[in-house]
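Below, all heavy atoms of this structure are taken into account, side chains as well, without hydrogens, waters or symmetry copies. Proteins get letters first, then strands, A, B, ... in listed order; numbering begins at 1 in each.
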Amino acid sequence: MRITIIDARDVRREHLAKLARQVTKDVNPVPFGTKISQDIPSPDLVLLHVGVYQEDNGDVIADLLDRFQPHSWILCYYGGEPVEAATRCTSLAVAVFPAPVDQDDPGPDLARTIHKVLSMLPERSSLPEGSFRSVVTGFDILLEAKLDVLTSVLCNITPLADHLAELRKIYPQAFGDEGELLVPQEDLLQSVADLRKLFFNETSQVGDA
Amino acid sequence: MHVELLDDCRLPWQGVNPFATPPVPDDNLDLWFWHWAQARLHSRVDPLPGEGLFLINAHGRFARGAHRQDLQGVEVLKHIRLTPWLGSARGWHAIVYSLEPLDDILSRKPGDLVLKSRGVTFLRLPSALQLRNALINVYPRKKWASLNLMEILSDLARNDSAAPNERSFRPYVASDYTPPDSAHETSNLWGLYEMWPTSLAQKFPEVDAPGDLPTDVLAFVLSLNSKKARWLEGERTRHADTTTKKTMELLRTACKDKRIIFVDDEAERGWAQFLRLLLNQPGADGANCILWTPDPATLVGLRRALTSKDRHAALIKELAAQIREQKPDLVILDLRLCGSAEFTAPPAQSSGMELARVLRASELFLPILLFTASNKAETLQISHSHNIDEYWMKPGLGEHRGLGSREADITSLANKIEYLVGADYAWLQRMALDLSAINAAAPDTWWWERSIKWPNPARNDRRPISKLADPIRQAIMSQPARVDVRIAVVELLLPMIDAFRISLRLERRDSNEAEPPTPELLRAGIFNQLGKLVELIHGFTDGSGIPEEFQSAGTVGGRKDTEDNAFVFFRRDWCAFRFFAQRNEWSHVRMIDQNNPFAVIVSKKVSGPSKENTVAAMSDAMAWLTVPRVDAVPQEVIGRDDQRFQLSLGDWLPAGQRDWTRLTSRAAAARAFRECMSRRPEYEPLIAKADDLKKSYRKATKH
């Protein structure tokens, strides 16, 4: 696995490099002001500082994201505030660590997340979409699907197709042969309660608060 | 019973028809809440009543781009509990419903512990839609079975409301609170909010006058984290009392037509706006003080250059040059101009201190006020060592809260600015201008660099002074030119003026420095320097052939004539003699006594020369050095003949005083010398300039 670290803060960059070297030898901490050659192979993972300080020191975050996201996962982090290019990036290959990070020490939370990413994502090509973001930000796409689908049913609106698709993979028994969600309308509340029990793995009765 | 619904979904509630505001999505939940709360508070159709309860979807999506799992409904509940301007609705009972189990929520987000606080009922969907049954299920001990839904809700609202003002609520806030970061940025915004003039007049300017607040300050005060901070730290009372208003009036009068420089990386976040409000009269035509701030790009460049010492130093010099071009009356500097990027740097190495050093190197007497969020003693000590004139701590949160009220903070700032643009420093700048003129002028342009011939010394009975041989008489009568005197004059004047500046700062210091020099001691040193100036200009240039008794008589002194006990003055400069007499008074500390008209008496104890008399002496000295003297030509004067350059027995002696030696020191009394000088035409322009300098100081001290 190849890891590239782009961070203008020298001390923090070296900390992260040390962390990454526990897993792989191919770690490239890019010193501040160094241009990364276009000829080198794309890394599997980029640890990218997306704070305002990085741009103040000459890097253009949007350009870096455009360059690396087709072939690499990009784990972004920041100290003060993240630049907009990172927070508004919709690519599933890009995830922003949700909490600010100290300027010298990445801290145990970011270190744990990096370890998780490194252990769960050995190779770029084998990663399922959405998993990277979920690991980095804590966003649970399955939970979101459950909540959205149940709410939509209660409000009598059509759930998002992506969410239905996610749930169908795990709870095929809740779906009909044609892929429709099975929610008998005779007693809507009971049907949704049963579905809820299934999704949240509960054994309690409907009346429970 | 009023039921207020907070949800983006149209759930099929049974038995209740809650009041729902149409959701207006906003990018930011804090802003969304502000808009919602204001709309509800100010609604003409159906404002929030005194009693009611909330129905909140824990998974409501209120801000644009939100996800159900973000639990924004719980964040809204926190907003409700922590928003003081929400009135009684703040404590309304809240029924929070969710599809997710409570345990799952708390395990994902432990900071949502507020769901277990008093005044909150947690219900699961879909059973919550049958609200009556769901509530009876949750509260099995309450005798609700016989009540209808509205009666149950009324009972809940009345008997189970939240108490967000009580200490018992503290754990629910503290467990979810991230204190302001060490960068002081959020702390500064909070201090700015509390000091904003609107904040002094209105309790909640973010509701009553949001347009008055700077954008960054408004965004900060609306944020949930700042509400938590405010709750945890407690309210700080604010009101514009009479003292504050009077202080503001005095400040604005003092700042009229002044030019003040303000350098701070947070200037555009509200600080520059705040200072302009402070320094200028309200109203469109109220601007009377110019506040100059550098281009924000300059400070961004400075921050970027932190990794390169040479580049950083060059940018600091450029910024100092821009400041000098403005010809300011006062410079206000933030300690850390590069913000969080230099928080680990010691104060002495911060950009603000570096800029102060560069400015001070060329602008010796320009008043500098340091702004900082640091209240560390180390910063205060370092600011003194860098000749910063004043120091003001930006109030904020946590350790930067300060001990006093916000009015006290504003009053302190106003007093410091008023002082720094006031009489003392304005007069100091005049001294500095004269000093520059002496330094920069062409050689041989000063009277003390030219030969001066003094009239023949004589006695009032016209007898020659005994034992005064011709060579000695010649030496006494002429003062040869010395073009090298100018550098020496500047070298003496500079520390005098600097000592005065430091004495001003020491008078206002509020630190407990160990045995610092007192202002009085510094002022005594100034008088010593005056004596050296006189010796420099009027000293004997050639001691050969002059009897020792003449040499030891002093440069503007004389000796007693042994025949008739007259005291003969060799150098005929009454102004200089006056300085020398004052110098004798203060350099020899044992001579200080309570009869000395220059003494500062504190608790019946003489402590040193007063500031006013020091100003007078320095004004006289600068006038003496800068006003061109005409050659001393004997002229008719009002009064007895031949009294111009003589002091004979009986002259100038106060009634009953017979001893000339004692009178020498007593003759330092301004009145006696003033009379001598007023009889001589060559002193007229000197007296006029000296009076002007003194008047410029006295005039400005009057309010």
The test is salt bridge (charged side-chain N to carboxylate O under 4.0 Å, His left out); show your working for Glu100(B) and Lys146(A) and say whether it passes. CA-CA 9 Å; Glu100(B) 202 180 349; Lys146(A) 291 173 187 173; over 6 Å; no

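At a 4.5 Å heavy-atom cutoff, the contact between Asp140(A) and chain B is made by backbone and side-chain atoms alike. Both the backbone and the side chain of His67(B) come within contact range of chain A, judged by heavy atoms closer than 4.5 Å. Both the backbone and the side chain of Leu11(B) come within less than 4.5 Å of a heavy atom of chain A.
Few gaps surround CG on Asp295(B); more than 12 heavy atoms of other groups in view lie less than 6.0 Å from it.
Checked by atom type, the side-chain pair Ser351(B)/His312(B) shows a donor-acceptor distance below 3.5 Å.
Remark: the backbone N or O of Asp176(B) is paired with a side-chain donor or acceptor of Lys228(B) at under 3.5 angstrom.
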